[in-house]
Trainee: 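My questions will all concern the structure given below.
Side chains are part of it too, since the values below use all heavy atoms of this structure and drop only hydrogens, waters and symmetry mates. As the structure lists them, so they are numbered: ligands from 1, and atoms in each ligand from 1.
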Amino acid sequence: MENIEVRFIDGTIKEYPQGILLKDLLKDSSSGPQSNEVVSAKVDGVFMDLQAPLEGGGLLEWVSLNTGDGTEILRHSTSHILAQAVQSLFPEAKITIGPAIKDGFYYDFDIDRSFSPEDFSRIEAKMKEIVERDLPIVRKSASREEALQFFRERGEIYKTELIDGLPENEVTLYQQGDFVDLCRGPHVASTGMIKAFKLTSVAGAYWRGDERNKMLQRVYGTAFPSPDDLNKHLLRLEEARRRDHRKLGRELDLFSINEEAGAGLVIYHPKGALLRMLLEDFEKREHLKRGYQLVIGPQILKTDLWKRSGHFEHYRDKMYFTEVEGQGYGIKPMNCLSHMLIYKSRIRSYRDLPLRYFELGTVHRHEKSGELHGLLRVRGFTQDDAHILCTPDQLNGEIKGILDLVRDVMKVFDFPYNLEISTRPEKGTIGSDEDWERATQALRLALEENSLPYQINKGEGAFYGPKIDVKLKDALEREWQCATIQVDFAMPERFDLSYIGKDGEKHRPAMVHRVILGAMERFIGVLIEHFAGAFPTWLAPVQVILLTITDPQIPYAEEVYQGLITAGLRAEKDLRNEKLGLKIREAELQKIPYMLVLGDREVRENLVTPRGRSGKSMKSMKVEEFIRMVKEESAIGGESYS
Ligand SMILES: [Zn+2]
Ligand SMILES: [Zn+2]
């Protein structure tokens, strides 16, 4: 037998007999990590099971449980255990697919029942049993025919459909006990390696995500390297449930989404509308300060124009169309077109540039019903959208200006964030290779010159250009994509935009599409969860509530109330003849920053005694003093938001 040469990550090179099992090599390795942490190996970048024989040499990296890759393998292996448990309890269940996902895994089953919480306990108990039996997870190769026959005999129609769609002549199967699944792997070596898992929820999901197909039961779960990690995660999930913006949105009476009006369409109630107005005011001020001009375009534009922009060809599936008197219109999914028409409305000189058009533009995009989620994924939303038209020379400065704006705005909300560059998708793009390269380079340069670290997101750009994505982190450490900055040389070409240069000749401007908060709906959803509904004073729809102890204080309460709203504070009053304790509790649930309890003393001395929402009482003060305090607290960038 020949020897093969294995290189380790630390540079050591060793020789082994060809066909040696990776797990035997692991025992021998003096440079590898502790063997009980290793779940898999990468050989020249390709994942392999520990039980696999090593036929050729190469660069070997051990994959341990505590890495992202290791945890993903662990979770995927747990999904197989889930499938095994479900089939042993419900033999009629047909298995489909069960990948690892962010924070966990799922498995889709075709079964004519909805799994109940009791079913969950039974399934988890069965999974535990499978883990305790410490079954080896064995990888086997099989020819297509063998595999097809195997699954056909068992009535696993989804597996045979999957094999039919595979190009290979040989497929791999993974077996643990009497359970066999079609899978590429890799997997942990035995079921006993799964130390901490939990089933989290169940939902309906169409086979292959297609609503014409059968509805399956998707069971979600998660797994972690240790029980401690799992518990931390479960606590975080509980906290996320407590902060769920759909629940808080109802409790704080901010918004609703009504199936009668349409899924994914948000209806703002008075307090939600006020919250949005405050955000919009903030945005308008910040943009005007930075040389943007406010514009407003129509909600529908002729279909022919969408054809010219490329939206019809590349984005049609997400657009809504309407036709009146034989004329087709598309409801806008993006705000770019009117902005380009404004640009084109007169001859532009290099002296006019850059032009920065800002619009709080409402757009509609058809998202699949299964993907809708409260305010976070909707069909109608308003973007804080801007299009910058500039000379190619100005591009760098403009991108830097946008990055500064992102920094300033994120600071106001106390959001840390990461930056990513999304590059050209493999298919369905417009524009030349050269344009894409120039645009990507412009984004990269602006980040590098500002010494901002970034990651590359391969193939995730828009159809018309690459982009910088800003991912903010909320109070629960979850990432949300809000701001994006996209460079586009294609659209100015399609619309034949030009400016007269210093040389007196016509030139093509560059275009930047950008949003800062992104969709207002989504950003409000994130804010609700980030602050758990307790908005900072400048954003709180109600900043102060007046509570009377008994009826004789009502005239004074009315007087104070008038004073507050005249001064621009957002105030409410609770003059009901109810117990004070109850009124305070209700105001606390509404997360109003300040309560003013008015008793006989306050009336007599013409004072107010503020109480913060955390329960802390403050010293009594004159109404004017209270107003000044709230106003100071509500000032952002020198502007008061009360
Ligand atoms: Zn698998
Ligand atoms: Zn745009």
Side-chain angles (χ1 to χ4, degrees), residues 39-40 47 49 72-84 87 95-101 105-108 137-140 147 151 156 158-159 162-163 166 171-176 179-188 191 194 221 223 292 295 297 301 305-306 309-311 314-315 318-319 332-343 355-363 365 381-389 402 430-431 439 461-468 483-492 494-495 497 509-516 518-519:
V39 285
S40 167
F47 284 103
D49 293 297
E72 201 178 313
I73 293 168
L74 178 81
R75 287 174 178 160
H76 181 123
S77 302
T78 315
S79 88
H80 279 221
I81 293 176
L82 164 63
Q84 183 178 10
Q87 279 204 321
I95 51 172
T96 66
I97 54 161
I101 51 172
F105 62 86
Y106 69 76
Y107 209 111
D108 285 350
I137 302 177
V138 185
R139 177 192 176 96
K140 288 178 181 166
F151 286 114
E156 297 289 6
Y158 296 93
K159 291 292 166 185
L162 287 170
I163 297 169
L166 291 174
V171 299
T172 53
L173 306 175
Y174 276 82
Q175 178 163 19
Q176 57 205 41
F179 176 79
V180 179
D181 204 345
L182 170 77
C183 183
R184 284 208 166 84
H187 279 288
V188 298
T191 59
I194 313 286
Y292 284 82
V295 299
L301 293 89
L305 201 67
W306 295 113
S309 65
H311 285 87
H314 297 276
Y315 212 73
K318 290 202 161 187
M319 287 179 67
K332 67 173 172 174
M334 297 183 194
N335 302 301
C336 334
L337 299 201
S338 321
H339 298 195
M340 278 189 286
L341 296 181
I342 299 171
Y343 183 90
L355 281 166
R356 309 184 184 110
Y357 296 135
F358 174 67
E359 178 174 8
L360 285 156
T362 301
V363 297
R365 297 178 187 173
F381 55 96
T382 299
Q383 294 177 302
D384 60 338
D385 204 1
H387 293 91
I388 297 176
L389 290 139
I402 299 166
I430 56 176
F463 73 81
Y464 47 78
K467 53 182 182 159
I468 293 176
T484 69
I485 306 168
Q486 314 182 342
V487 178
D488 178 359
F489 291 106
M491 214 74 90
R494 291 203 165 201
F495 280 81
L497 304 188
M511 182 171 184
V512 181
H513 312 243
R514 46 108 288 185
V515 293
I516 306 297

Trainee: What is the distance from atom CG of Asp488 to atom CD1 of Ile430, rounded to the nearest 0.5 Å?
Mentor: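 That separation rounds to 6.5 Å.
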Trainee: For Ile485 versus Arg514, what's the shortest heavy-atom pair and its separation?
Mentor: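 Nearest pair, atom of Ile485 first, then Arg514: CA-CB, 4.1 Å.
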Trainee: Angle between ring planes, His76 versus His80, binned at 30° and 60°: parallel, tilted or perpendicular?
Mentor: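 Because their plane-to-plane angle lies in the 30° to 60° range, the rings of His76 and His80 count as tilted.
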Trainee: Are the aromatic ring centres of Tyr343 and His387 under 6.0 angstrom apart?
Mentor: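 Centroid separation for Tyr343 and His387: 6.0 Å or greater.
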Trainee: Before moving on, can you tell me the angle at the Zn ion (ligand 2) between the NE2 atom of His387 and the SG atom of Cys336, to the nearest 10 degrees?
Mentor: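 The two atoms subtend 100° at the Zn ion (ligand 2).
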Trainee: Please work out the angle at the Zn ion (ligand 1) defined by atom NE2 of His80 on one side and atom SG of Cys183 on the other, rounded to 10°.
Mentor: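 Computed angle, vertex at the Zn ion (ligand 1), rounded to 10 degrees: 120°.
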Trainee: For the Zn ion (ligand 2), find the closest N/O/S atom on His513 and give its atom name.
Mentor: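 Output for this pair reads ND1.
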